[in-house]
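Keep in mind that this is a model prediction, so the values were computed, not measured. Per chain, numbering begins at 1; letters A, B, ... match sequence-line order.
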Amino acid sequence: MAEKIVIKGLTKEFVTKDRIVTAVKDVDLTINEGEFVCIVGPSGCGKTTLLRILADLETETRGEIRITHSDPSKPLNSMVFQEQSIFPWMNVRKNIGFGLRCRRVGKKIIDQTVDQYIQMIGLQKFADAYPYQLSGGMKQRVSVARAFANDPEILLMDEPFAALDEQNKIMLQEELLKIWEAERKTVVFITHSIDEALILADRVIIMTSHPGTFKMSVDVDLPRPRRIAELRSDPHFNRLFTELWGVLREEVYKAKASEGLTVSDDEFHDDHSRTLADESRLVL
Amino acid sequence: MAEKEPAVTQASGEDLAARAVADGAGDYGDLARTSDRMPRKRRDSGTRWGGLLGFLSPAVVLILWEIAVPLGLVDGRFFPPPHAIAGTFWKLTLDGTLFSDVWVSLVRIVLGFLAGAIPGLIVGLSMGLFRPVRWLLRPVVSATYPIPKLALMPLIILIFGFGETQKVITIALGTFFMVLINTMAGVLNLDKIYLDVAKNYGANRRDFYTRIALPGAMPLIFTGLELGMGMALLLIVAAEMTGAVSGIGYRIWAAQAVFKTKEMFVAFIMISLLGYLFAEGLSSLQRRVIPWKQL
């Protein structure tokens with residue numbers, strides 16, 4: 001298989017007022033065309049930062065990233081964000097077609113593609129609804145559909161189902177499996193759930209906590225198409241789960257131990273994080 | 001697939017409304033916050049009692065006023081009784097003065113409003129979207145915004161003379177700042193994630209204006225338009241009090257000179273009516289332009 005993403009020695013440092021924080025350190029990673037890779041790590045380990053660098057929303061401090069853009073008529077990557085990220089001022093239809101409209105694709109093709117994905121995520125009745133009329137699960141479906149409809153070469157997913165309740169999460173995972181198994185795009189999926197990673201991925205990568213580096217990589221040789229209910233009772237699935245949890249556990253404890261000393265990587269993306277510090281200084 | 005969805009459809013309305021009220025951006029937060037009256041409106045119009053009571057209070061005031069004048073409790077020279085004002089209203093309507101005054105003022109207001117609101121909108125969006133533009137223009141805006149536009153009127157008269165331009169410019173200045181500041185606050189209030197999404201999905205500069213900033217800031221833009229409209233009504237009267245021969249403001253001034261207080265009150269009513277009609281027009285426009293906001 002062709003190499004799609006090659007990362008070598010990637011390091012990202014954030015400069016705060018009084019120090020430099022290393023969010024991601026010396027990451028090496030090669031992802032093949034059509035591979036579904038999940039990156040698992042304790043919160044604050046720099047997973048989101050890594051993904052944002054891949055999405056070109058953040059620039060690396062050191063290191064090298066090579067992404068093969070094989071079809072210039074397609075966008076290189078589309079991201080599914082963790083939080084609510086569909087536009088409140090666009091209805092479901094407009095949200096799903098957003099990327100296509102930005103690329104000035106013909107109206108007919110946009111309509112067709114949007115219809116196809118609305119059907120796929122089962123929101124036919126809500127095609128003209130605005131986000132405030134949708135449940136959390138529906139919104140996240142729209143968010144996933146928006147990324148798929150854009151037909152990128154690489155899908156970047158940042159804990160897209162983390163905020164959902166268990167039932168919705170399972171349903172969306174199943175839908176994602178179905179769509180992905182039909183289209184076989186290259187996917188980089190961030191999660192903190194081993195369970196989710198094993199259900200979805202071809203390969204699971206475990207990240208260490210602060211600074212974020214890669215600890216180990218495990219191939220998930222479970223057959224496809226996968227059914228979540230069957231996976232849960234599969235002894236091999238459970239063996240993999242136990243093995244990965246053994247590794248991750250250590251990292252979670254380490255992350256816990258250093259909590260308060262470190263800053264979670266989310267905070268770097270928030271312009272207002274420094275104001276709190278400023279205020280506390282004023283009080284003193 | 002659709003029937004699998006649990007019935008939790010109406011969950012997330014409040015957070016939108018709440019977000020609009022939440023932290024006003026930067027220095028102008030207090031102006032921006034006015035937009036929280038939208039949900040309140042809905043609660044008011046719900047009850048039939050509300051309508052009845054709302055009709056009752058002005059009626060009582062009018063009746064008391066009518067009685068108080070012959071009793072000598074209120075000086076009829078300054079506060080002519082409602083029926084006398086109504087008579088003058090009718091007379092001015094028949095001879096056409098009322099219509100021509102209102103028309104002249106209306107044209108000035110609309111021209112001035114557009115001349116202020118459109119540049120205000122464009123500059124506000126640009127300042128909100130692009131940090132260099134904000135850095136460049138913010139000091140100028142901050143320095144000129146607090147100057148009362150009335151204080152500038154003598155200068156405007158020196159430059160433009162006593163013509164239509166002077167009145168239109170005065171109104172435009174007042175509207176410009178209101179719309180600019182609220183539009184900028186509206187863009188700055190947008191969750192940064194929407195800008196990330198737009199960037200990641202290949203939005204160009206035009207998309208940022210038309211698909212992200214403009215619709216996203218629309219609730220606060222309307223707040224700016226409403227405040228700008230109030231400013232326009234205030235300034236039109238002031239502008240017409242100096243060097244005008246027509247318009248509502250002129251009518252008030254002219255009536256004062258010859259002690260025709262009834263005509264003054266007719267002019268007050270017309271201003272109030274204009275204000276009401278503008279507010280209604282804006283809010284019906286708002287419902288059409290912002291269908292995505294739960295009211």
Side-chain angles (χ1 to χ4, degrees), chain A residues 52 55-58 75-91 94-95 98-104 119-126 128-139 141 143 146-147 149-150 152 156 165 167-168 171 174-175 178 269-272, chain B residues 1-20 22-23 25-26 39 131 186-222 289-295:
Chain A
R52 287 178 63 90
D56 210 18
L57 292 172
E58 209 86 66
L76 183 56
N77 70 67
S78 297
M79 185 145 163
V80 180
F81 291 82
Q82 182 175 0
E83 319 96 284
Q84 130 84 21
S85 73
I86 59 173
F87 301 111
W89 52 87
M90 293 182 196
N91 61 21
K94 288 262 163 78
N95 260 299
F98 178 72
L100 297 170
R101 273 183 294 135
C102 283
R103 280 160 49 211
R104 309 289 186 269
Q119 196 134 24
M120 217 180 274
I121 58 172
L123 288 186
Q124 294 94 322
K125 281 186 199 151
F126 292 87
D128 298 314
Y130 285 95
Y132 80 87
Q133 297 163 307
L134 305 178
S135 68
M138 290 164 148
K139 282 184 206 164
R141 269 179 204 174
S143 183
R146 177 173 67 186
N150 203 24
L156 303 171
D165 60 74
Q167 290 100 316
N168 264 306
M171 255 170 10
E174 256 176 0
E175 282 170 31
K178 209 171 67 191
H269 308 307
D270 187 359
D271 264 350
H272 306 294
Chain B
M1 240 185 274
E3 55 270 22
K4 274 198 241 163
E5 184 63 42
V8 270
T9 323
Q10 291 290 356
S12 57
E14 302 96 33
D15 56 346
L16 267 179
R19 259 249 305 288
D23 41 54
R131 220 181 289 187
V187 178
L188 290 177
N189 259 346
L190 279 179
D191 210 319
K192 264 178 69 197
I193 192 149
Y194 300 128
L195 302 179
D196 282 345
V197 174
K199 191 176 173 226
N200 185 242
Y201 282 74
N204 63 22
R205 187 159 294 190
R206 208 179 87 201
D207 295 324
F208 268 97
Y209 273 99
T210 58
R211 300 191 206 278
I212 310 295
L214 185 63
M218 208 44 104
L220 272 183
I221 289 174
F222 264 93
V289 176
I290 318 180
W292 49 273
K293 200 136 189 194
Q294 199 178 32
L295 292 179

Next on the checklist: One pair to check against side-chain contact (heavy atoms from CB on, under 4.5 Å): B:Arg211 and A:Lys94. What are the steps and the verdict?
Outcome noted: CA-CA 10 Å; B:Arg211 300 191 206 278; A:Lys94 288 262 163 78; over 6 Å; no
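- Looking at B:Ile212, the atoms closer than 4.5 Å to chain A (heavy atoms on both sides) sit in the backbone and in the side chain alike.
- Between A:Met79 and B:Asp196, every side-chain heavy-atom pair lies at or beyond the 4.5 Å cut-off.
- Here the closest heavy-atom approach between residue A:Gln84 and residue B:Ile193 is recorded as O-CG2, 4.0 Å.
- Heavy atoms closer than 4.5 Å to chain B are found in the side chain of A:Phe98, but not in its backbone.
- Interface summary for chain B: among A:Ala55, A:Pro75, A:Ser78, the most heavy-atom pairs under 4.5 angstrom belong to A:Ser78.
- For A:Asn150, the part sitting under 4.5 Å from any heavy atom of chain B is the side chain, from C-beta outward, and nothing else.
- For the residue pair A:Tyr130 and B:Pro291, the shortest heavy atom distance occurs at OH-CG, 3.3 Å.
- Note on ring orientation: taking the six-membered ring where Trp is involved, the planes of A:Trp89 and B:Tyr194 are perpendicular (angle over 60°, cut-offs 30° and 60°).
- For a residue to count as touching a neighbouring chain, one of its non-hydrogen atoms must lie under 4.5 Å from one of that chain's; by this rule A:Ala147 touches chain B with backbone and side chain alike.
- Contacts between A:Leu76 and chain B at a heavy-atom distance below 4.5 Å are absent for every atom of the residue.
- For chain B, the nearby parts of A:Asn77 are the backbone and the side chain; heavy atoms of each come within less than 4.5 Å.
- At a heavy-atom cut-off of under 4.5 Å, chain A is reached by B:Asn200, B:Tyr201, B:Gly202, B:Ala203, B:Asn204, B:Arg206, B:Asp207 from residues 200-207 of chain B, listed in order of number.
- Listed for the B:Lys293 side chain is no donor-acceptor partner under 3.5 Å among the backbone atoms of A:Tyr132.
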